[in-house]
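The structure under discussion appears below in the form of structure tokens.
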2 protein chains.
Amino acid sequence: MDKSYSVLNQLLVDIFNDILLIEQNALKSGELSDISITEVHAIEAIGKSSERTMGEVAQDLKVTMGTLTIMVDKLIRKGYAERFRSEEDRRVVFVRLTKKGELVYKLHERFHHEMIRSIIEGLSDEEEKILISSLEKLKEFFRKKYDLILRKE
Amino acid sequence: MDKSYSVLNQLLVDIFNDILLIEQNALKSGELSDISITEVHAIEAIGKSSERTMGEVAQDLKVTMGTLTIMVDKLIRKGYAERFRSEEDRRVVFVRLTKKGELVYKLHERFHHEMIRSIIEGLSDEEEKILISSLEKLKEFFRKKYDLILRKE
DNA sequence: TCCTTTATTTTGATTATCAAATATTTTTAA
DNA sequence: TTAAAAATATTTGATAATCAAAATAAAGGA
């Protein structure tokens, strides 16, 4: 429609693509070159608490359990996670991070930290507020509009 | 660190995941169920101008030409695009959208439109300006910091 | 004309993913 | 209390998306 529209749209599209690319590549060129962005996200989900069941993690990542089984197999093979059966209910399987996995978890956390800090750094208090409330609106828009798809938690 | 940090971080993460999921699913459940999100992005890149070469589109999408060849094959098979050789330089191949492809292009455009409208709605002119400049800073940060990775245009 | 460069496609992998089938354990209900 | 149903996970058999390297074809010099 007007200028604001296309400027904003382009900004959002660009930033979105940037983040995607950065996350993908920051790893490869970084200290942990044997690990993919998907694997980092799995590690993130596993590390959210000390022990999680396959089901919980799969739901969190929004993948099927079959997919997760394979992901976890690989993480174990690479030494980032371990898996063991519950004693109370022998159907359930727990996953947890190894020391090596924890390290990745922390590195990724640091990446986010740095990203956010650099955003905030350059903004005045007022700009910060507006940015936050705009993003809240954006999120609200998605949640309302795509309730069906997003409702999962 | 402080509150702003975690609020912003969570917002960005949420929005990010939402967009990913929505784009992925909005299609399946919608009018165009035979088309994937990747394909829509390809259609978007192809539709940017009336005729584009394989090379241009591949660069735009940041995939290899081999990958694009396969993507375009499929789009053609499904009737969303067509391909023909240049007469001036018979090495180059042009791609363009069919009527059916244009339709998808417009639907996706509408999605973006609506998204942006929902953000702008409720912002004063002043706030709108601030939002835009904040996002510009954010983009600038990425471009500077991750120049190596992002430099491709 | 032959060599080099450019534009694309083909080939042969790998990774991420799903749905359906299978295996095991627990829960329920007759 | 035991047979059927439900829950939790894994395995299997596909398909998507992707890449790098090899092959193809055309253009542009020297």
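Note that this is a predicted model, so its numbers are computed, not measured.
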Nucleotide by nucleotide, 5' to 3', does protein get under 4.0 Å of the base (B), only the sugar-phosphate (S), or neither (-) in nucleotides 4-16 of chain C, counting heavy atoms? --BSBBB----SS
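- When the salt bridge (charged side-chain N to carboxylate O under 4.0 Å, His left out) test is applied to E82(B), the partners found at least two apart in sequence or on another chain are R96(B).
- Between H108(A) and F111(A), the ring-plane angle classifies as parallel under the 30° and 60° cut-offs.
- Listed by first then second residue, pairs satisfying side chain to side chain donor-acceptor pair (under 3.5 Å) with a partner in residues 43-53 of chain B read K48(B)-D60(B), not counting sequence neighbours.
- Nucleotide dT5(C) forms a Watson-Crick or G-U wobble pair with dA26(D), both donor-acceptor distances falling under 3.5 Å.
- Under the 3.5 Å distance criterion, the side-chain polar atoms of T98(B) are matched with a main-chain donor or acceptor of G79(B).
- By the neighbour-count criterion of 12 heavy atoms within 6.0 Å, atom CD of E126(A) is sparsely surrounded, having that number or fewer from other residues, nucleotides or ligands.
- Glycosidic conformation of dA16(D) is syn; the angle stays within 90° of 0.
- With sequence neighbours left out, the ring pair (Phe, Tyr, Trp, His ring centres under 6.0 Å) criterion links F94(B) to F84(B).
- A 4.0 Å heavy-atom criterion places the boundary nucleotides of DNA chain D facing chain B at dA16(D) to dA27(D), written 5' to 3'.
- Nucleotide dA16(D) is matched to nothing when pairs are restricted to Watson-Crick or G-U wobble geometry with both distances under 3.5 angstrom.
- When hydrophobic clusters are built by joining Ile, Leu, Val, Met, Phe, Trp and Tyr residues whose side-chain heavy atoms come closer than 4.5 Å, directly or via intermediates, V92(B) is not grouped with V57(B).
- Applying the salt bridge (charged side-chain N to carboxylate O under 4.0 Å, His left out) rule to E39(A) yields the partners K74(A), K78(A); only residues at least two apart in sequence or on another chain are considered.
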